[in-house]
Amino acid sequence: MTFSAEQKKRLTAAVEHLNRVQPGKSKLFVAPQVSSDTFYELGLLFFNQRDFVQSEKYLIAALKESADHIPAINLLLQLYQSAAMNHLGDGEHNEARQALKKAENLIEKLPAGVNLNTLTLLGYVHKSLGQVYRRTDRMLSDQSWEKAGKIFETVLMSNKNSASALNGMGNVLYHRGHFSQALEKHRQALAAAPNYTAAAHDAALVCEKLMRVSSDQKEVWKTRAVEFWKTAVELSRNDPQFPPDYAGKISARIQQLSAP
C-alpha cells in the first residue's frame with residue numbers, strides 16, 4: 001500500500017505523540033487519544049517495512065481499542081501466516097508453529113462480521129498448519145488441508161476471481177497430487193493479480209515438481225520454472241510477505257536450474 005502525503009503526515013504525528021506521552025516501546029499501548037484506525041495504519045506501515053514485531057504490537061493495540069476492527073484482524077492473520085511460512089522456509093518448525101498458534105488464538109475471538117478476506121486468510125492458516133503437522137501428525141495435517149480446501153472452495157463460490165483463494169486452492173491441489181490442476185490455479189491467480197508474488201512462487205514449485213514426475217518433459221518444465229522464479233524474484237522486492245533475502249536465495253536456485 002502507498003500512503004498519501006496526508007496519511008504520512010498523520011502517521012508521523014501519531015508516532016511523535018506516542019513518543020512524547022510514552023517514551024520507549026514497552027509502554028506503547030495505553031497512550032490517550034490514539035484511535036484504532038491510527039494504530040492499524042501504523043501496523044500496516046511497519047508491516048510494509050517488513051518489521052513484523054512492531055506491526056504486531058500496533059495491530060494488537062488497534063484490537064484493544066476496537067475488538068471488531070476487521071482490517072486489523074485480517075492483517076494480523078496475514079502477518080502470522082507470513083511469519084510461519086518464512087520460518088518453514090528456513091526449517092524453523094517450532095517458530096512456525098508458535099506463529100500459527102497466535103493465529104489460532106485470534107481465530108477463536110473472531111467477531112461475527114468477518115468478510116471474504118478473513119475467510120481466505122483462515123484457509124491459509126489451516127494450509128500452513130497442514131504443512132507444519134506434516135512431519136509430526138499426519139492425521140492433523142490431513143484435517144488441516146481438508147479445512148483449507150473447503151474454505152477456499154467456499155470463497156470461490158462467492159468470488160470466482162479471488163486471486164488469494166485461487167492460489168490457495170492451487171496449494172491444496174498440489175498437496176493432493178493434482179499438479180497440472182494446481183498449476184492452472186496459480187496461473188489464474190496471477191492473471192487476476194499480476195503482482196501476486198506467492199502465486200509466481202507456488203507456480204515455480206509446481207513446475208519443479210513436474211520436472212521430476214514428467215521426465216520426458218523435464219526441460220520444458222525447467223524452463224517454465226525458471227520463468228516463474230524470475231517473476232517471483234522481481235515481485236518479491238516490493239512484497240513485505242517475503243523476507244529481504246528471498247531474492248538472493250531464489251536467484252541462486254535460478255542459476256542452478258540454468259546451469260548446463
Side-chain angles (χ1 to χ4, degrees), residues 1-4 40 44 47-48 68-86 103 106-107 110-131 144-210 221 224-225 227-242 246 250:
M1 174 179 178
T2 301
F3 289 92
S4 67
Y40 164 73
L44 179 60
F47 181 87
N48 286 338
D68 60 350
H69 196 290
I70 300 300
I73 290 170
N74 287 355
L75 189 55
L76 257 183
L77 286 173
Q78 188 175 348
L79 185 154
Y80 292 142
Q81 197 270 335
S82 297
M85 293 307 298
N86 290 341
L106 184 59
I107 290 170
L110 284 179
V114 297
N115 55 27
L116 285 180
N117 289 336
T118 311
L119 191 59
T120 305
L121 288 164
L122 295 184
Y124 276 99
V125 169
H126 287 300
K127 186 250 342 175
S128 297
L129 285 169
Q131 292 174 280
S144 296
W145 279 107
E146 187 66 22
K147 289 178 182 177
K150 289 180 179 178
I151 289 172
F152 294 137
E153 288 173 353
T154 298
V155 173
L156 290 171
M157 287 176 64
S158 298
N159 180 10
K160 66 180 182 180
N161 294 317
S162 169
S164 54
L166 285 167
N167 200 61
M169 200 65 229
N171 296 148
V172 173
L173 289 166
Y174 181 93
H175 171 73
R176 294 172 178 170
H178 305 309
F179 306 124
S180 296
Q181 294 176 44
L183 182 58
E184 181 57 27
K185 293 298 181 185
H186 297 316
R187 284 174 168 162
Q188 290 174 11
L190 269 175
N195 294 325
Y196 196 173
T197 314
H201 172 96
D202 295 343
L205 289 177
V206 177
C207 289
E208 288 212 29
K209 183 67 175 182
L210 287 167
W221 291 119
R224 293 182 183 176
E227 291 172 353
F228 281 121
W229 282 133
K230 287 181 177 179
T231 299
V233 166
E234 187 62 30
L235 294 176
S236 72
R237 302 186 193 281
N238 296 312
D239 190 335
Q241 295 187 77
F242 286 75
Y246 174 84
I250 300 305

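None of these values were measured; they are calculated from a predicted model.
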Distance in Å, H69 NE2 paired with N74 CG, rounded so as to fall on 0.5 Å steps: 10.5 Å
So which atom in Q81 and which in S128 form the shortest heavy-atom distance, rounded to 0.1 Å? NE2-OG, 2.8 Å
Under 4.5 Å between any side-chain heavy atoms of V125 and Y80, yes or no? no
Looking only at atom types and distance, does a side-chain atom of S236 sit under 3.5 Å from a main-chain N or O of V233, one as donor and one as acceptor? yes
Between E184 and Q181, is there a side-chain heavy-atom distance shorter than 4.5 Å? no
Can you list the steps and then say if E234 with K230 is a side-chain contact (heavy atoms from CB on, under 4.5 Å)? CA-CA 6 Å; E234 187 62 30; K230 287 181 177 179; over 6 Å; no
Spacing of D202 atom CG and F228 atom CZ [to the nearest 0.5 Å]: 10.5 Å
Can you tell me how far the OG1 atom of T120 sits from the CG atom of L77, to the nearest 0.5 Å? 11.0 Å
Just checking, any donor-acceptor pair under 3.5 angstrom between side chains of Y246 and H201? yes
Nearest heavy atoms of N161 and A192, plus distance in Å: O-CB, 3.7 Å
Separation between CZ (F47) and CD (Q78), nearest 0.5 Å, reads 4.0 Å
Measure up the W145 and H175 rings against each other and bin them: parallel (under 30°), tilted (30 to 60°), perpendicular (over 60°). parallel
Least distance between heavy atoms, G170 atom then A182 atom: O-CB, 3.2 Å
Are any side-chain N or O atoms of Y124 and backbone N or O atoms of S164, one a donor and one an acceptor, separated by less than 3.5 Å? yes
Hey, does K185 have a side-chain heavy atom less than 4.5 Å from the side chain of Y174? no
Could you walk me through whether M85 and Q241 satisfy the side-chain contact (heavy atoms from CB on, under 4.5 Å) test, starting with their C-alpha distance in whole Å, then the side-chain angles of each, then the deciding distance to 0.1 Å, before giving a yes or no? CA-CA 9 Å; M85 293 307 298; Q241 295 187 77; over 6 Å; no
Is there a side-chain contact between M169 and K127 in this structure, where contact means two heavy atoms from C-beta onward sitting under 4.5 Å apart? no
Where is the tightest heavy-atom contact between A189 and A199, given as atom of each residue plus distance? CB-CB, 4.0 Å
Looking at CD1 of I73 and CG of N117, how far apart are the two atoms once the value is rounded to the nearest 0.5 Å? 12.5 Å
Would you compute the distance between atom CG of L116 and atom OG1 of T154 and round it to the nearest 0.5 angstrom? 9.5 Å
Which heavy-atom pair separates L235 from P194 by the least distance, and what is that distance? CD1-O, 3.6 Å
Quick check: do L183 and F179 have side-chain heavy atoms less than 4.5 Å from each other? no
Close side-chain approach of N171 to H186, heavy-atom, < 4.5 Å: yes
Decide yes or no on side-chain contact (heavy atoms from CB on, under 4.5 Å) for L205 and K209, but give the supporting numbers first. CA-CA 6 Å; L205 289 177; K209 183 67 175 182; over 6 Å; no
Within the 4.5 Å heavy-atom criterion, are N195 and N238 side-chain neighbours or not? no
Minimum side-chain heavy-atom gap P71-L44 below 4.5 Å: no
For the residue pair I151 and L119, what are the closest heavy atoms and their distance? CG2-O, 3.0 Å
